[in-house]
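What follows is a single structure, written as structure tokens, with notes after it.
The shown structure was predicted, so the numbers you read here are calculated from the model rather than taken from an experiment.
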Amino acid sequence: MNIITLCTIGLYLIFMVVVGVYFSKKSSNASEYFLGGRKLGPFVTAMSAEASDMSGWLLMGLPGVALASGVAEAAWTAIGLAIGTYVNWLIVAKRIRIYSHKIDAVTVPEFFSKRFGDKRGILSLISAVVIVVFFIPYTASGFNACGTLFNTLSGGKISYFTAMLVSAIVIVAYTALGGFLAASTTDLVQSIVMTIALIVVVVFGLNYAGGIGAVAENAKNLPSYLSFTSTYDYTTGGTTPYGLLTIISTLAWGFGYFGMPHILLRFMAIEDSKKLKTSRRIATVWVTIAMAVAIFIGIIGCAGVNAGNIDLDLPNSQRIIVVIARMISEHGAFFAIVAGVILAGILASTMSTADSQLLAASSSISQDLLVDVFKLKVSNKVSMLISRLTIIVIAIIAIIWARNENSVFTIVSFAWAGFGAAFGPTVLFSLFWKRTTKIGVLAGMISGGAMVFIWKYGIAKLGGVFAIYELFPAFVIGCIVIFVVSLLTKQPDDEVLKVYDEVAAEVKK
């Protein structure tokens with residue numbers, strides 16, 4: 001049965017590489033390689049953005065948190081993300097699509113640089129550094145999820161590192177070959193596979209847990225398991241308060257959307273900005289339902305574990321879907337294929353994010369640093385070669401980072417905070433405040449990104465009211481710095497202000 005399951009996953013991986021080979025022939029220049037020539041339709045844009053957003057966190061991190069500690073942290077995180085998704089599509093998507101097209105920007109750092117007339121490329125340089133610093137651990141978390149998947153499936157016969165390495169090679173292969181179009185097309189396929197996986201796991205999980213009644217009874221019997229203001233501690237059987245400040249900081253996950261380069265690139269790549277309303281509806285509905293189902297799977301898993309029907313140690317709670325899939329595979333050849341689809345869903349959630357991150361990080365080095373900052377003049381062929389080699393180098397660093405297993409949820413939350421605090425305020429002020437200056441966004445970008453490290457590894461250790469998610473205070477600091485520094489520095493040049501007015505007028509049409 002394991003062989004059948006692995007063959008199913010293998011076919012899926014082969015298909016991903018084939019897609020990469022196909023689109024490698026359609027990317028002849030940097031614009032097509034990094035932005036798909038701005039040809040994405042509304043459905044592909046929506047599903048690609050959300051699939052690249054959710055990552056292994058959706059099918060591993062979120063159910064794992066819900067299983068081990070109850071509803072509070074998982075639910076507030078999901079609510080913040082759902083709101084952030086909708087607001088990002090509502091206010092940012094159309095404006096950044098029009099603006100980036102107006103100034104001919106194909107990467108996020110290039111958008112910042114051209115938006116403020118930064119001819120020296122300082123904004124491109126700092127933005128590229130931020131992307132590389134935070135995308136390496138983010139990509140590593142994706143490789144981590146893949147390694148954990150195959151290691152668990154094989155019962156430990158395939159080592160974590162070997163499994164992680166093979167998965168990384170496949171992701172790098174189709175991303176390096178096909179670029180943005182390959183990543184976006186595979187993301188669409190992967191979102192469908194993820195959806196199928198969630199549905200199947202709920203059906204079988206309920207069966208293993210003893211039905212919906214048993215699941216509800218188990219949740220009621222665990223103190224604060226269903227509470228939104230306290231969490232359940234599986235190690236002691238007690239509870240921990242989940243206060244208002246913690247709730248606010250958890251909801252701040254939604255702020256992260258404004259600064260995610262791989263999501264902003266989807267907005268910039270849509271063929272027609274007028275179709276973004278359709279994309280917004282599709283994206284918001286899918287991501288809300290997907291996160292709700294993922295949390296429910298964690299609740300189901302808790303009931304199954306406590307009933308003795310699901311063999312899982314709670315410290316490994318993020319493996320719940322993998323364990324259920326392995327149990328399903330034991331019922332015969334057909335169910336082994338079903339299990340393969342479920343596990344492919346976990347791969348899909350991971351790969352759809354890792355490919356987008358690799359591409360964004362690659363563009364920051366090959367396009368923003370080498371071309372825009374260091375003014376390296378190369379042909380399209382050499383530019384594409386540099387981009388592909390950059391993807392491989394970044395992937396190698398991420399593999400080294402991911403060689404030891406860590407919590408997917410923990411790694412993703414830190415990288416998410418980094419982008420949200422460094423780029424989130426910058427994007428919002430760039431799009432919505434005419435008086436914003438180059439020095440202002442530069443100061444805000446640095447202070448926001450730095451505060452993520454300062455808060456997490458310094459201030460948060462003081463405990464009490466300071467022990468909150470680092471994105472919230474870092475985002476606020478970034479906004480304040482941009483506002484104050486912009487007021488204290490000379491207003492932008494007339495040409496910059498003129499372009500801003502033209503974009504604002506076009507957005508209102």
Side-chain angles (χ1 to χ4, degrees), residues 1-12 54 56-68 70-71 74 78 145-146 148-155 189-222 225-226 234 286 289-314 316-350 408:
M1 294 306 102
N2 273 347
I3 292 173
I4 294 173
T5 300
L6 287 171
C7 285
T8 303
I9 298 173
L11 289 173
Y12 175 78
M54 286 293 105
W57 176 86
L58 176 67
L59 297 185
M60 296 187 73
L62 194 59
V65 168
L67 190 158
V71 167
C146 291
T148 300
L149 167 64
F150 285 114
N151 175 252
T152 304
L153 176 63
S154 67
V189 175
Q190 288 158 348
S191 67
I192 295 171
V193 176
M194 289 159 64
T195 303
I196 294 171
L198 285 168
I199 295 171
V200 174
V201 169
V202 167
V203 173
F204 280 90
L206 281 172
N207 180 57
Y208 293 133
I212 189 68
V215 171
E217 191 63 28
N218 175 76
K220 289 178 183 177
N221 291 336
L222 298 177
Y225 193 82
L226 296 178
Y234 74 87
W286 184 84
I289 294 175
M291 288 191 294
V293 173
I295 293 172
F296 186 46
I297 287 172
I299 297 172
I300 291 171
C302 182
V305 169
N306 288 339
N309 297 327
I310 297 178
D311 185 16
L312 176 70
D313 295 328
L314 286 178
N316 296 317
S317 61
Q318 68 179 12
R319 298 186 177 202
I320 180 60
I321 291 182
V322 179
V323 172
I324 291 176
R326 191 171 59 185
M327 293 171 66
I328 292 172
S329 71
E330 297 170 354
H331 293 290
F334 172 76
F335 291 100
I337 295 174
V338 172
V341 173
I342 294 171
L343 296 170
I346 296 179
L347 272 180
S349 66
T350 301
V408 173

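- Taking the side-chain contact (heavy atoms from CB on, under 4.5 Å) definition, one finds that Ile212 meets it with Leu206, Phe296, sequence neighbours left out.
- Nearest heavy atoms, Ile299 versus Ala219: CG2-CB, 4.4 Å.
- Judged purely by atom type and a 3.5 angstrom limit, Ser317 uses its side chain to pair as donor or acceptor with the backbone of Gly64.
- Here Tyr208 pairs with nothing under the ring pair (Phe, Tyr, Trp, His ring centres under 6.0 Å) rule; sequence neighbours left out.
- Counting heavy-atom neighbours within 6.0 Å of Asp311 CG, excluding the residue itself, gives a total of 12 or less.
- The shortest non-hydrogen separation linking Ala339 to Ala325 is CB-O, 3.2 Å.
- Between Val215 and Ala209 the shortest heavy-atom distance is CG2-CB, 3.7 Å.
- Taking every heavy atom of both residues into account, Pro63 and Ile297 meet most closely at CB-CG2, 4.4 Å.
- Shown here are the side-chain contact (heavy atoms from CB on, under 4.5 Å) partners of Ile337, two or more places apart in sequence or in another chain: Ile4, Thr8.
- Qualifying side-chain contact (heavy atoms from CB on, under 4.5 Å) partners for Ile199, counting only residues two or more places apart in sequence or in other chains: Thr195.
- Heavy atoms only, all atoms of each residue included: Ala78 and Ile295 are closest at CB-CD1, 3.9 Å.
- In this structure, Tyr225 contributes its side chain and Ala68 its backbone to no donor-acceptor pair below 3.5 Å.
- The side-chain heavy atoms of Ile320 and Ile310, taken from C-beta on, include a pair separated by under 4.5 Å.
- Pairs of residues two or more places apart, or lying in two chains, never qualify as side chain to side chain donor-acceptor pair (under 3.5 Å) while including a residue from residues 59-68.
- When all heavy atoms are compared, the tightest approach of Asn309 to Met327 is O-CE, 3.1 Å.
- With sequence neighbours excluded, the residues forming a side-chain contact (heavy atoms from CB on, under 4.5 Å) with Asn218 are Leu222, Cys302, Ala303, Asn306, listed by chain and number.
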